[in-house]
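Since the structure is predicted, the reported quantities are computational estimates derived from the model, not experimental observations.
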Amino acid sequence: MQEDLWEDKLTSDMRRVLTPVHPSDSFRNHLKTNLRLAGQQQSQQRALRLQRPAHVNYWVLGAAALGVTVAAGSMIAWAIRSRIIPH
């Protein structure tokens, strides 16, 4: 019973304070168009996020490049040294 009184009071207060609004047809059409455009843009952004390649760990890629460079440098140094020093 107490809950009914609270709900009734809240309902009457809201009706007293809030006035119904009836937007014009042009406003409704404008809102509908903008919501459609926003939905299309959001779906395009989601599609772009799905098309992105997997995340690349640049530290691993850099370490691999450094390793290949050191290995190639070592091979070049070995080749030059073997030609300069006679056996």
Exercise. If you measure from CG on Leu35 to CD on Gln42, what distance do you get to the nearest 0.5 Å?
Worked result: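 Spacing of CG (Leu35) from CD (Gln42) equals 10.5 Å.
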
Exercise. How long is the gap from OG on Ser24 to CG on Asn29, to the nearest 0.5 Å?
Worked result: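 Here the interatomic distance stands at 8.5 Å.
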
Under 3.5 Å, which donor-acceptor pairs do the side chains of residues 65-75 form with other protein atoms, sequence neighbours left out?
unit_1, atom_1, unit_2, atom_2, d
Thr69, OG1, Ala65, O, 2.8
Ser74, OG, Val70, O, 2.9

Which atom pairs, donor and acceptor, lie under 3.5 Å between side-chain atoms of residues 11-18 and protein residues at least two apart or in another chain?
unit_1, atom_1, unit_2, atom_2, d
Thr11, OG1, Glu7, O, 2.8
Ser12, OG, Asp8, O, 3.3
Ser12, OG, Lys9, O, 2.9
Asp13, OD1, Lys9, NZ, 3.4
Asp13, OD1, Arg16, NH2, 3.1
Asp13, OD2, Lys9, NZ, 3.0

Exercise. If you look only at pairs with a residue in residues 18-44, which of them pass as a salt bridge (charged side-chain N to carboxylate O under 4.0 Å, His left out), with sequence neighbours excluded?
Worked result: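 As it turns out, there is no salt bridge (charged side-chain N to carboxylate O under 4.0 Å, His left out) pair with a partner in residues 18-44 once direct neighbours are skipped.
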
